[in-house]
Amino acid sequence: MSYQLSKSLSDQGIATTATIHPNLGRAALVEHAIANEEGQLAAQGPLVVKTGKHTGRSAKDKFIVRDAETEDTVWWDNNASMTPEHFANLKEDFLQAVGEKETLYVADLFGGSQPEHRVKVRVINELAWHNLFIRTLLCRPTPDELDGFDPEYTIIDLPTFQADPERHGTRSETVVAVNLSEKLILIGGTKYAGEMKKGVFGILNYLLPTRGVMPMHCSANVGSDGKTAVFFGLSGTGKTTLSADASRTLIGDDEHGWSDTAVFNFEGGCYAKMIRLSEEAEPEIYATTKMFGTVLENVVMDEKTRELDFDDNSLAENSRGAYPIDYIPNTSEKNLGPVPSNVVMLTADAFGVLPPISRLTPDQAMYHFLSGYTAKVAGTEIGVTEPEATFSTCFGAPFMPRHPSVYGNLLKERIAKGGVQCWLLNTGWTGGKYGVGSRMPIKATRALLNAALDGKLDDVEFRKDPNFGFDVPVSVPALEEAGIDQTILDPRATWADKDEYDRTAHKLVDLFVNNFQPFAAHVDEGVRKAAPQAA
């Protein structure tokens with residue numbers, strides 16, 4: 001089923017002779033993608049596609065137009081600028097390219113599931129599978145909501161378009177250009193579909209703070225006790241995996257807002273890493289790979305049997321799956337839940353220094369939120385082939401148009417207002433740094449996380465970490481029940497060479513302190529005192 005556009009492309013000043021396919025449903029878009037030879041069906045029904053050379057975000061090819069609207073509101077130390085003149089040239093050439101297309105797919109969607117805080121977004125694609133992807137990832141309007149739908153923001157995504165660095169002010173033939181004044185995003189030269197959803201995330205990150213709403217790069221779920229937990233973390237740290245717990249109600253896996261009344265999902269779907277996916281470790285996500293309508297990017301498939309091989313990274317380390325949120329059991333009907341009772345900050349510590357779980361004070365929570373320490377996981381960005389230590393403020397610096405202090409202060413206010421309990425969860429390495437130690441067992445992570453969210457850590461004994469100053473449990477009964485040695489709670493004890501641990505810990509403390517210097521002037525004394533100090 002499809003619905004006609006209430007506002008035509010010509011009403012938006014977009015002239016084209018293309019056949020327009022407006023608001024097609026899931027099945028129709030899969031049919032079009034197959035007919036266009038954009039992808040293939042796997043044995044159990046998902047659509048399998050390849051994104052070519054771009055298997056992750058092109059972070060260095062993203063620009064925000066610098067004009068009167070953005071000059072004093074955008075964090076220019078973190079966001080590359082484009083002149084209005086270069087954007088005008090780019091827009092002219094994009095619209096010419098749109099005008100020459102034979103077929104276009106258009107979807108009218110919502111960014112944000114809480115009605116009073118969502119934005120209306122129109123996405124124009126030349127690929128049917130891109131339109132299926134973004135229809136899966138954003139919130140899908142009802143037929144009544146499509147009637148009279150007037151888009152506030154428009155995204156045009158043309159993978160075949162090649163930017164001209166001299167004419168368009170770009171770095172390469174790939175471009176993601178955001179014009180907040182014209183409410184227009186132009187994406188060209190890449191088939192990586194994730195650029196579209198991150199574009200909408202950037203819009204909401206820009207708009208919501210002015211309304212007192214905290215935008216978050218996080219997953220969120222609700223326990224049987226009705227208490228919401230949010231999980232901050234960069235790609236690969238476990239946001240999607242840990243939130244897809246069948247015993248808890250899933251709100252969403254990647255991007256949310258925290259308003260006065262709710263935590264609400266920006267999206268209507270999930271976007272999970274597929275590399276080395278196993279049914280045993282992640283049964284809920286694994287099940288989506290056998291469902292019609294799921295889109296699998298760069299997952300290797302046997303051409304004859306159409307069976308999938310999730311361990312094969314020959315196409316990409318960052319293989320991905322996009323699926324509607326209701327493909328996960330026990331999801332929130334309205335994609336929202338109560339304001340949080342627990343905030344969990346996820347990090348994949350490649351140095352093997354941080355404990356598997358730590359309890360944070362509000363000042364420590366803001367410090368670690370602004371620090372955003374983790375390890376980039378291979379394939380998430382072009383050129384990253386193995387984990388490396390990184391700091392990404394607010395656990396999402398590439399998507400933060402405003403200064404980090406805007407988001408940090410909002411978070412601290414919300415934590416204080418709600419008496420929220422904060423945790424730092426290390427899903428990275430134990431027993432040594434990357435290359436020496438091993439990845440934290442997921443059953444240990446789950447046991448500790450569940451104990452924290454269920455209040456089972458309230459009465460256990462804690463110790464002060466000598467380097468970071470946060471509270472670390474001495475023993476947790478849930479670990480023993482999971483068959484995990486309690487030694488894992490003390491990272492130094494898991495290292496064979498204790499002196500090497502101390503040297504590595506000192507190095508990590510120095511990295512934290514040096515990284516935080518640009519933010520020190522924007523926070524109060526309590527947050528500055530939450531900084532780690534080498535023992």
Using the rule given for side-chain contact (heavy atoms from CB on, under 4.5 Å), can you reason through Leu104 versus Val98, listing the C-alpha separation, both sets of side-chain angles and the distance that settles it, and then say yes or no? CA-CA 8 Å; Leu104 290 170; Val98 167; 3.7 Å; yes
So, the side chain of [X] versus the backbone of [Y]: is there a donor-acceptor pair under 3.5 Å, distance only?
X: Asp253; Y: Ser219; result: no
X: Asp471; Y: Thr361; result: no
X: Asp454; Y: Lys456; result: no
X: Thr174; Y: Thr190; result: no
X: Glu195; Y: Ile187; result: no

Would you sort out whether Trp423 and Leu360 count as a side-chain contact (heavy atoms from CB on, under 4.5 Å), showing the intermediate values? CA-CA 6 Å; Trp423 308 91; Leu360 307 178; 5.9 Å; no
Trp258 and Val343: side-chain contact (heavy atoms from CB on, under 4.5 Å), yes or no, with the steps? CA-CA 12 Å; Trp258 182 348; Val343 166; 4.1 Å; yes
[X], [atom1]: over 12 other non-hydrogen atoms inside 6.0 angstrom:
X: Lys227; atom1: NZ; result: no
X: Lys7; atom1: NZ; result: yes
X: Lys120; atom1: NZ; result: yes

When you check the gap from the basic side-chain N to the acidic O, do Arg528 and Glu525 get nearer than 4.0 Å? yes
Is any NZ, NE, NH1 or NH2 atom of the basic residue among Glu152 and Arg122 found under 4.0 Å from an Asp or Glu carboxylate oxygen of the other? no
Can Arg359 and Phe470 be said to form a side-chain contact (heavy atoms from CB on, under 4.5 Å), step by step? CA-CA 6 Å; Arg359 186 174 62 188; Phe470 39 49; over 6 Å; no
Check for me whether the distance between the ring centres of Tyr271 and Tyr323 falls short of 6.0 Å. no
Report yes if the distance between the aromatic ring centroids of Phe149 and Phe110 is under 6.0 Å, otherwise no.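 Yes, they do, as the ring centres are separated by less than 6.0 Å.
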All pairs passing ring pair (Phe, Tyr, Trp, His ring centres under 6.0 Å) where residues 198-255 contributes a residue, at least two apart: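 Passing the test, one end in residues 198-255: Phe201-His217, Phe201-Phe266, Phe201-Phe399, His217-Phe399, Phe232-Phe369.
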Output, in order, the C-alpha distance, side-chain angles, deciding distance and verdict of side chain to side chain donor-acceptor pair (under 3.5 Å) for Thr170 and His168. CA-CA 6 Å; Thr170 60; His168 303 136; 5.3 Å; no
Please lay out, stage by stage, how Gln114 and Thr261 fare under the test side chain to side chain donor-acceptor pair (under 3.5 Å). CA-CA 10 Å; Gln114 189 170 12; Thr261 58; 3.0 Å; yes
Just wondering, do Ser392 and Pro398 contact through their side chains at under 4.5 Å, heavy atoms? yes
